[in-house]
Structures are given as structure tokens and as C-alpha cells.
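Quantities reported herein were computed from a predicted structural model and do not represent experimental measurements. When a ligand or atom number is given, it counts from 1 through the structure's own listing order.
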Amino acid sequence: MRDGQNSVIYRADYQAPAYWIDTVDLCFDLDPAKTRVLNKMKLRRNADVAPQPLRLDGEELNLSRVLVNGQGTSFKIDGGQLVLENLPEGDQPFELEIFTTCAPVKNTKLMGLYVSNDSFFTQCEAEGFRRITYFLDRPDVMASYTVTLRADKARYPVLLSNGNLVDQGKLDDGRHFARWVDPFRKPSYLFALVAGQLVCREQRITSRAGKEHLLQVYVRPGDLDKTEHAMNALMDSVAWDEARFGLSLDLERFMIVATSDFNMGAMENKGLNIFNTKYVLASQATATDTDFSNIESVVGHEYFHNWTGNRVTCRDWFQLSLKEGLTVFRDQEFSQDLAGEASARAVKRIEDVRVLRTAQFPEDAGPMAHPVRPDQYLEINNFYTVTVYEKGAEVVRMMQTLVGREGFARGMTLYFERHDGHAVTCDDFAQAIADANPGSQFEQLLPQFKRWYSQAGTPRVTAVTQYDEPTGEYRLTLSQSCPPTPGQEHKEPFVIPIGLGLLAADGSELTSRMHVLTQASETLTFPGIDGEPVPSILRGFSAPVILEHAYTDAQLLTLLAHDTDPFNRWEAGQRLAVNRALAFMGQQAMPASDIRLDQPYIEAMRSILRHPTLDSAFKELVLTLPAETYLGEQLQEVDPQRVHAVREAMRQQLAQQLQADWQCAFETNSDTGGYVPDPVSCGRRALAGMALTHLCLAARSGAHSAGPGQPDVWPGKAYQRFKDAANMTDRFNALSALVISGNELAAPALQKFHALFKDEPLVLDKWFALQAGQPDRGGNVLPAVKQLMNHPDFNIRNPNRARSVIFSYCSANPGAFHRPDAAGYVFWSERVLELDPINPQVAARLARALDRWKKLVEPLRSAAREAIARVAAKPDLSNDVREVVTRALAD
Ligand code: TRP
Ligand code: ZN
């Protein structure tokens, strides 16, 4: 085990730093094998803290010199830290000079300074800066940085760091240098440098305030034609933050750089965002509509961090949601505002909720459950979670719901007035929102509301209704509870905003309002209701809770057909599907092939599909059955293969029963003209793709049940569309239709696809992922995955590629992964152990694939436990993986 890295960190133990670092002057001599780093800092004691030695964090550094005020000094290394005990007394600032070297080319963890495609990149969040130099590597130490980069000019012509370029020139031996000064103080996790052969797209813009800025997107030569969309997204982001929150770009120059080796999506380094290529590069030939929309969100997200994260940062890493929850909320709002129309906004909202429910709810119910503001961690990298990000965003969204859009904007303004340039806490944020809305209900409820930050677990809200015919009084009782989570047995009631509406039996809306549930149970009374209404509860998904209500099919059909709230309209369709799936799964003895969907459900789906005015995007969402993981969460005990079989059988039924309607949907949506990734055409392509998949599925059955057309022609049509498609969305959807339906044309299509895109890494990722994620047919996927790992294009060291094969199988293909022979689990444990020494962050994400093992049916449960125990037994595990498997095994 590595020194000093084995202990749990507690939020309650926070102490201010014993020293401040005011300025940092870094000089890099960049060399892949041995980069030399000279770090000159000005420090002073923090007068508020008892005098103590200076302890600087460091990791995998070779230390060659330490000078204090220009003089040699004694020091020791303790638990990886550099400890200086004989520092000048008093509060006079002193200079500390540290000279170290590191080996970027050997850095497979992709934290700190590393090499990718012969270029240098850094990733410092959360604790990567200590892999570059000794430092107080904590976010509450904010310093002014000057950075000098020196490197071979031919090999590394572009030299970038945060802030403004103040000097550059030639050096001897074909080398050159560049000096950058960041005008803003920042924590070390926002430091960045990039050096290499890069080209850029540039755009000059003038802000509302009349200031000029230079925007740049740097990529490898050859990728420049794929940067237009990212640049547009960046310009939209700048304009949006000014318009919606009055926050403008504070730098003369704002750069985005793309790299194909990256642990996460992107990083908001001040003025120099570094992105995974996946979230920058897009052309209609290589990127799908989903890619285009993800790029828009992630470019927005990182840009919005410039204020929410960078100008105001986190006091400590327990406050991570202060920047991440808020910034996700902002990027979600940005995408909604760009989508424009109400229905397109609703589609975005449904997509976001789907992520929350399929990924965050299981996290909240599993061994890694933690509050939005965690209380402890072993490895902070493990807490970049859907809870901190997406649930954190829901918490911010509830604040906006409770104080209104304007009240929220006032709160943001006050937040920046108070905390600009500082490192603060989640409490500070909530307080600013409350203080900007004096006398509001939110202000009064603030202490209780903040339980959203401290209590883990997904609250359950149960709704019970009672209608009194003679008096016309309708009563709605809402009760809340929250299950225990690790370390939190008992929960106090939350503040839960609940959007409510009542529909008459004919679907017309009787009333609507927002109710704020604060007690364990409350009863609302609606007088004068003529006939038992249909309740529409939790409209817009107004809180991150599980709503339990015994809706009848008739009520759900009414909501699906008539609710004015598009979210609940979609939700009604999902509930209808969940109820059916649960019923089928209850009938253990029934083979999936005998499953028949009832006519009322089929007719409801048909009327959505045929609806004259609904958007195609919305139709596609309604017709998509709930995900296997979501269905699994509804069960006490899960047999993932049964869940898969039932869901596939339901899909097969929809394919056959709605065949004529799918054909019509395909024909009316298949031509979207010149490629534009706007919500309307994206929705049409999505629905056409879905229709094609169902038509290919119907062809498989050979059941020519409904209406016109020969189903067997569809695989051929799909193949043709695959070949002729003018954009990646249509092409990939056609390919998926063949793969999903298990058609024999899938093999030649996959081969052709590889040949066409062998030089496009991001497209190859899709090719790998599609095969590793395909529906299992008699256990064929695992052997296919093993073969893919032997493919010359596979490289486990590249996170995108590792994810496209290993994660697509272990985390995104439950029907194929949870094999009764446990071979999937053996594969998983081998890959976790193989990845761990290479890249612990990626390994730990993979380790989470078995989080929910306790819910599995036997013999899967025992087999999964064994596989986790095998990983846990390995000596020298990283903190990252050790924390995940230890928590998984705890009871
Ligand atoms: N702060 C980044 C974001 O925008 C997250 C991130 C990027 C990150 N790279 C990382 C976190 C590496 C930990 C490690 O959300
Ligand atoms: Zn972020």
C-alpha cells in the first residue's frame, strides 16, 4: 500500500490551511520521459491557525532541490508529503523554491501531467496537481499563477496555459517558450497546460458589455472540420450566461482543447478547458444527434463553471456539489432554453429525469449511497457521482421552483456579491438564495430544506386519494419516508415541492398548483369536485422522489392522452409499461415468448404513434420501454435475464402489433433533408430509427399480423439505409436495427462500418459499444466481447475504448452480463484488476457495475459476492477500487 493514502477523510475534520500560497511561478521543461518543473512560490502563515510545519502534497515526484528564501533547508518526506519544519517565524511572506521531475509518458492514470498522441495535457481535479509539483493541493488555497513552458518547437509548436499569453520566443537547440499569466487567483485543481501539435478554430466575439474576446478550439490537425458545432455551442454559452444570469466572460481569451485520452467528459480549467474529444468533435458524417446534443451540454457545462466553480469555488471536496450540482442545473437550463419550444423543453427534461432514475436512484439505494454533500470519503474521485451531479442539480432546481425564476436569479446575484473570489460551502449557496428572498417560504424552510444536502437515499412519496361523491370533496394524502442508507438509519422529513393537477374523467384540467410537502404526512382537500378526478402528481418531476400511487389503468390512459403536463403524460405511459412488465415477471412459469400485451395498452401506444400533433421526439420517448435497470429497481429480487427477456418480449409485441404504424412512422419521418441537429429533425430521426428497429424485429418473427407491407423487406431496407445514409444518426440507427434484431445482414454491415470509419476513433468506439451492448442470444455476447478485446483497434489504456467494450458489456448490458455460469462476473473481476494499476479511476467506475449485487437472485448473488471478494482480496489495490469493493461487501 502506498504511504499516507489509506485513511478515510471526514467532512467534520475540516481545518483551514496552516499556510497560504499567494503566488506561484512555474517553469516547465517539457520532455515526455523527464519533465523538469521549477516551482517558485510566495507563502505566508495563516495567522488564524496554530503554528505548525508546512506539509505539501506530492505524488510520484522526483525531488531534487528545496530552497527557502534562496537558501538550502532541511526537509523530510512523510507519507508522500514534503514537510518543512524550520520555516521563518512570524507572518512575513517567504519564498519557497522546489525543483522536481516527473515522467509524463509513464502516466497512465491520466491525472497530473501526461502524454497523449505525443502532446502534453494536464488533469488536476481533484488531486492531480500534486503529481506535477509539491503543493497545498486543496481548493481553499487560491494563488496567482505565472507559467513558463519550454519545449522543442517542431514537436510541440503550441504551448498553452491558463490566462493570457504575455511572452513567447525562441530558445537554443530548436526549443521555444511561452509565458502565461492568469489574472485570476485560483485553486490548484484549475491549473492546466497543453503542449503539442494542435490547430485551432478561432472566433472573435463582442460581449453585451462591448468587450472583445478571442474564443479558440484546439484539436489535432485533421479534426478542424469537426469543431464548428463546439464553437457554436461556446458562443451560445457565452450569450446565454449573460442573458439569463448577467454573468459575462471575464477573460480576453477562452480556449478549449480536445484530447482522446481523458478520464471524464471535460474539465473547466480557468480559461483553458480540456475536453474528451467525444465532447468536442462532430460532423454529420461521424457524430449522431445525441453526440451533437451532448457536446452542446458539456461545452455549456464547462463554460458555466467559469462562474460556478472557478470565480466561486469549493472550500473542500465535500462541497463538490456546490459547483457540480449548480453547474449541471445551469447546463440543463441552457439546453432547454436553446431547445426553445415548450415541447422540446419537456423532451430535455424527460431525458434528464431518465438519467436520474436509471443511474442515480440505484446509486442512492446501493452500497455507495451518499448525501449530495458527502460526510466522508476514502478517494474523492469516487464521489464524482450521479448523486453529486444530477441529484445535486435537482436540489438546485427545487430551490428555483420554490423561489421562482426571478427569485432564483436574485439569489445567484447575491451569491456572487458575497462570495466572488472565495472558496465556500453548499450552506453558503443555499443561504444566499434564501437571503435574496426574504419572507419567502423557502427562507422559512431553509434548515429543513438543507436535509437534501445531508440525508442520502431517495425519498418515497405515497399518495392516497379519497373522493366523497355526495359532498364533491376530494382528498389527497401525501406521505413521505426515506429508506435507510449506509450510516444513516433514520431520516427526517424533506421539503418536497409537488406539482399537482386534477383532471376530469374526460381529460380536461380542473385545477393545478404547487404543493410543498414538509410533514411526514399531509392531507389536501379539494372541495366542489364534480365526479372523481384523475390526479396528476409530481408534475414536471418537481422533486427527486419515487412517487407511489395506485393508479388504475384507466387513470393512466387518461393522463397519457390528456395531461397538460408533458412530463406526467410520458410518465403515465411508463407506468403502464412498468405495471405490465412487473405482472409478466410475476408469472415465473410463463416463457417470455408467450407474453401478449393487452389491447388497451397497444391501442394507447398506437394513438401516440399516430398522433397528428405530438412531436416525433416525444413519441419516441413514450414508445421507449423503461430501461432494464429501472425495471430491476422496482423488484425486490432481480433476475436480470428474466427482466431482459420480458422487456424484449414486450418490444417484440409492440413491433408486431404496431407494424403498420411503425411503417407509417418510418415513412413520414425518414427524410429529414439537409442535416441540421435541431430538436424537430433530431426527433424525427430518432422516431424513424426506432420504427426501423421495430420493423426489423417484426420481420424476425415472421408474423405478418397487421396491415400492409412485407415485413421481410425491412432488414434489406435497413441495410440499404445503412449504406446510403447521409448522416451518422441515420446510418448508426440502421446498423443498430440490424444488430438488435439479430439479422444476418448485421455482420456484413458491421464489417462495412469498420472499413468506412477505421480512421475515426470516436466512430470505432460506437462500433465496439454496439457489439458489446447487443442483446444476448444464447450467451453469445461475452465471447464476442473477448474477441473485441483482441481486435487490433482495442486498447485498454484508452478510457474511451475501454468504456466502449468493457463498460458497454458489464454496466450497460445486464441481460448478457448476469450469466448463470458467472462468466460475466469473472470477466468483470479480471478487468477491474487489469485496469487498476493502469488507471484506478476507470477501474473504480467499472468496479461499480456490481453495486446492486445484493438484489440479485441466487445463484447470481453468491457468484457476484465471490467475484467482488476476489477483487477485494487483491493486495495493493488502489484506494479508488478498494473503497468501492469494501463498501459493496459491507452489510
Ligand atoms: N470538473 C469536471 C466537470 O466538469 C469533472 C472532471 C473532469 C473530473 N475530469 C476529471 C473529475 C477527473 C475528477 C477527475 O464535471
Ligand atoms: Zn462539472
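- Of all atoms in ligand 1, listed by their number and element, those nearer than 4.0 Å to a heavy atom of H301 are 3 (C), 4 (O), 15 (O).
- The ring pair (Phe, Tyr, Trp, His ring centres under 6.0 Å) test applied to F768 returns H791, not counting sequence neighbours.
- Distance alone, capped at 3.5 Å, places no donor-acceptor pair between the R131 side chain and the L110 backbone.
- Regarding atom 14 (C) of ligand 1, its nearest protein heavy-atom neighbour is E125 O, 3.1 Å.
- For K323, the NZ atom counts as densely surrounded, since its 6.0 Å shell holds more than 12 non-hydrogen atoms of other residues, nucleotides or ligands.
- Close contacts of ligand 1 with E302, meaning ligand atoms under 4.0 Å from a residue heavy atom, involve 3 (C), 4 (O).
- Each of the atoms 1 (N), 2 (C), 7 (C) of ligand 1 lies under 4.0 Å from some heavy atom of M267.
- Closest heavy-atom approach to atom 6 (C) of ligand 1 within the set A266, A126, G309: this belongs to A266.
- Remark: ligand 1 atoms within the under-4.0 Å shell around heavy atoms of E268 are 1 (N), 2 (C), 3 (C), 4 (O).
- Residue N381 has no nitrogen or oxygen atom sitting less than 3.5 Å from a nitrogen or oxygen atom of ligand 1, judged on distance alone.
- Protein heavy atom in closest approach to atom 5 (C) of ligand 1: Y389 OH, 3.3 Å.
- The ligand atoms of ligand 1 that sit less than 4.0 angstrom from a heavy atom of E324 are 1 (N), 2 (C), 3 (C), 15 (O).
- Side-chain N/O atoms of E324 and H305 include a donor and acceptor closer than 3.5 Å.
- If you run ring pair (Phe, Tyr, Trp, His ring centres under 6.0 Å) between Y377 and each of Y10, F318, W317, only F318 comes through.
- A side-chain donor from one of D57 and Q81 sits under 3.5 Å from a side-chain acceptor of the other.
- Every atom of ligand 1 is numbered from 1 in the order shown, and the set under 4.0 Å from a heavy atom of Q123 is 9 (N), 10 (C), 12 (C).
- In M264, the part holding a heavy atom less than 4.0 Å from any atom of ligand 1 is the side chain.
- Taking the centre and axis of the six-membered ring of Y14, the NZ or CZ atom of R315 falls inside the cone set by 45° and 6.0 Å.
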Table please: side-chain donor-acceptor pairs of residues 233-240 below 3.5 Å, with sequence neighbours left out.
| unit_1 | atom_1 | unit_2 | atom_2 | d |
| --- | --- | --- | --- | --- |
| S237 | OG | A233 | O | 2.7 |
| W240 | NE1 | D337 | OD2 | 2.8 |

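- Residues F191 and F135 keep their aromatic ring centres 6.0 Å or farther apart.
- E883 and N382 share a side-chain donor-acceptor pair at under 3.5 Å.
- Those atoms of ligand 1 that come under 4.0 Å of a heavy atom in K323, given as number and element, are 1 (N).
- Put simply, the angle at the Zn ion (ligand 2) from NE2 in H301 to OE1 in E324 is close to 110°, to the nearest 10°.
- The atom of H305 that is an N, O or S and sits closest to the Zn ion (ligand 2) is NE2.
- Residue Q841 has at least one heavy-atom neighbour below 4.0 Å for each of these atoms of ligand 1: 12 (C), 14 (C).
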